[in-house]
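For reference, the structure is listed below as structure tokens.
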Amino acid sequence: MKEEENILNHQNEENSFLQGLSRVMPYTVPAEYFESLDKNICNSIQLEEETAEIAPLLNRIEKKMPYSIPENYFETVSFKSISEKKGKVIQLQIWKRVMAAAVIIGIMLTTISIWNIQRKADISLAIHQVKTEDLVNQLDTSSGIIYTNTDTDTDDTSVAIEVSEPQEDLQLASDEDLQEYINENIDTQYNYNNVDI
Amino acid sequence: MHKEDSELLLEFRNEATKENAFNQILKKYQERLYWHIRRMIVSHEDTNDVLQNLFVKVWKGLQNFREDSQLYTWLYRIATNESLTFLEQQKKHASVSMTDLEDTLGNRIKADQNFDATRLEWKLQLAIQSLPERQKLVFNLRYYDELPYQEMSKILETSEGALKASYHHAAKKVEEYIKTH
């Protein structure tokens, strides 16, 4: 009798303890899980029936992908790893652009150098092709000195130089003026002592 | 336990919690997106590269995501476009035809360290690679990802009827390939 009383007391104690606890399940489920559950089940059944009708063999194959992937691959992917890697790619792209610009500049400089060498060679060749008479005529028109080839019967290209008459303004100048002009410019102008006229 | 998309998007729009929210989005969807891309591209290295580009684009574009579609639909659409662009670039770089590319992808499958020609899972992969790109996409989204046609329609911007027909043709071809190889 006493034992029964003890059991009853113990049960009452337990009940009062449990009654104090909340009956709400502490587990969490994704939001709208129950709203979409029927749709998901229907979709799976529909897919299985559809596939069974078209290609029944496919329902007998395991859907797990057989490909190999590096161990812990999904644990290593993060915002940090992506931004670090993509940052490097961007840097590499900038480096590639700098290299490409350097190559282009190099090609341009080489092309300009080759073009300059070619041009100098062309000028030199053109000068060699000009006749002495043409050169004399050209100089004749641009200075007061007359160059004449004294020996027209030969191919001798040496020329005799005649000085043309002094220009009018020099003719009109007095000896004193000329001497004064020479004295003033003797240091900076031409050294007349070295000229054989 | 992953948070709801709406909660993550809200956190992403707050500068203080932006990076953490992005990491959670990445963790929530990376595996599904990885396999979606890999089924198209086959190589792990290429898939990894495309996946990273995808998440760079998500980081840049998520601020302007308008929630008129579900987040995973938007992510799948970007993943699909990135995969197709990658395959297109490969064709251009190597000047290979579509048939050559299928052979290349088939060879990549055979090069996997786990490849076993006698097993149905591997035959299935080879069969999928023999499909035209569009059918391949439809088959993968329906068969592996088990997406309803309604969702697929939003990702691929194609009518549900056309998608059903496409899956029907693809599944027939795949079964035929497995039976004859």
Side-chain angles (χ1 to χ4, degrees), chain A residues 25-93 96, chain B residues 1-7 18-20 22-23 25-27 30-31 34-35 38-39 42-44 47-49 51-53 55-56 59 109 112-116 119-125 127 139 142-144 146-151 164 167-176 178-179:
Chain A
M25 288 297 289
Y27 305 121
T28 52
V29 288
E32 295 180 10
Y33 168 77
F34 293 107
E35 285 81 351
S36 58
L37 182 64
D38 58 336
K39 276 186 195 167
N40 290 339
I41 292 169
C42 282
N43 181 52
S44 293
I45 293 168
Q46 192 192 0
L47 173 64
E48 209 172 309
E49 285 178 354
E50 188 183 23
T51 310
E53 197 182 309
I54 311 163
L57 178 64
L58 294 180
N59 279 345
R60 296 199 335 248
I61 302 172
E62 198 187 351
K63 281 193 182 178
K64 195 186 167 205
M65 288 301 292
Y67 295 131
S68 56
I69 54 166
E71 210 174 326
N72 300 327
Y73 168 70
F74 293 113
E75 282 75 42
T76 58
V77 181
S78 67
F79 171 77
K80 204 179 168 192
S81 71
I82 291 174
S83 56
E84 273 173 6
K85 194 175 176 191
K86 289 296 156 189
K88 277 179 194 169
V89 171
I90 291 162
Q91 280 176 357
L92 192 67
Q93 282 171 345
K96 274 182 187 171
Chain B
M1 188 70 194
H2 296 296
K3 284 183 185 172
E4 283 307 298
D5 288 348
S6 52
E7 196 181 340
K18 186 174 182 170
E19 201 175 309
N20 183 46
F22 182 77
N23 263 329
I25 291 169
L26 194 146
K27 292 286 170 206
Q30 63 171 351
E31 204 162 334
Y34 171 88
W35 286 116
R38 185 144 186 207
R39 282 180 202 120
V42 178
S43 145
H44 165 76
T47 303
N48 182 41
D49 209 35
L51 187 72
Q52 295 200 358
N53 282 338
F55 277 115
V56 169
W59 171 261
I109 293 172
D112 194 288
Q113 61 188 34
N114 297 335
F115 181 73
D116 180 352
R119 293 189 62 157
L120 279 175
E121 304 95 273
W122 286 107
K123 280 188 182 177
L124 176 59
Q125 297 315 311
F139 184 84
R142 184 72 181 137
Y143 182 77
Y144 282 109
E146 298 191 359
L147 289 184
Y149 286 113
Q150 198 188 356
E151 291 300 326
K164 278 179 190 171
Y167 180 70
H168 184 94
H169 289 303
K172 275 257 176 238
K173 280 186 200 173
V174 166
E175 190 182 51
E176 192 58 33
I178 295 170
K179 281 179 179 171

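Just the heavy atoms: all of them, side chains too, but no hydrogens, waters or symmetry mates, feed the values below. Naming convention: chains lettered A, B, ... in sequence-line order (proteins, then strands); numbering from 1 in each chain.
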Heavy-atom side-chain proximity of [X] to [Y] below 4.5 angstrom:
X: A:I54; Y: B:H169; value: no
X: B:N114; Y: A:P66; value: no
X: B:W59; Y: A:I82; value: no
X: B:E175; Y: A:P56; value: yes

Taking all non-hydrogen atoms of both residues into account, name the closest pair between [X] and [Y] and its distance.
X: B:R38; Y: A:S68; value: NH1-O, 2.8 Å
X: A:A55; Y: B:A171; value: CB-O, 3.5 Å
X: B:P148; Y: A:N43; value: CA-OD1, 3.6 Å
X: B:Q125; Y: A:Y67; value: OE1-OH, 3.5 Å

Side-chain donor/acceptor of B:E121 to backbone N/O of A:E62, under 3.5 Å: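 No; judged by distance alone, with no hydrogens or angles, the pair does not exist.
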
B:N23 side chain vs A:S78 backbone, donor-acceptor pair below 3.5 Å: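 Not a single qualifying donor-acceptor pair exists.
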
A:K63 to B:Y143 six-membered ring, cation-pi geometry met (6.0 Å, 45°):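 The answer is yes, since A:K63 meets both limits relative to B:Y143.
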
By a 4.5 Å heavy-atom criterion (distance strictly below it), what part of [X] contacts chain A: side chain, backbone, both, or neither?
X: B:H168; answer: both
X: B:L120; answer: both
X: B:L51; answer: side chain

Interface moiety of A:Q46 toward chain B, non-hydrogen atoms closer than 4.5 Å: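 Contact with chain B involves both backbone and side-chain atoms of A:Q46.
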
Inter-residue atom distance [X].[atom1] - [Y].[atom2], 0.5 Å rounding:
X: B:W122; Y: A:I61; atom1: CH2; atom2: CD1; result: 13.5 Å
X: A:E48; Y: B:E146; atom1: CD; atom2: CD; result: 8.5 Å
X: A:I69; Y: B:Y34; atom1: CD1; atom2: OH; result: 5.0 Å

Within 6.0 Å of CD in B:Q150, more than 12 heavy atoms from elsewhere: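 Atom CD in B:Q150 is not packed in, count stays at 12 or less.
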
Top of B:K164, B:K123, B:K172, B:Q30 for chain A proximity - count of heavy-atom pairs under 4.5 angstrom: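 That would be B:Q30.
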
Chain A contacts, top residue of B:K27, B:K179, B:E176, B:E31 (heavy-atom pairs, under 4.5 Å):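 Highest number of pairs under 4.5 Å: B:E31.
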
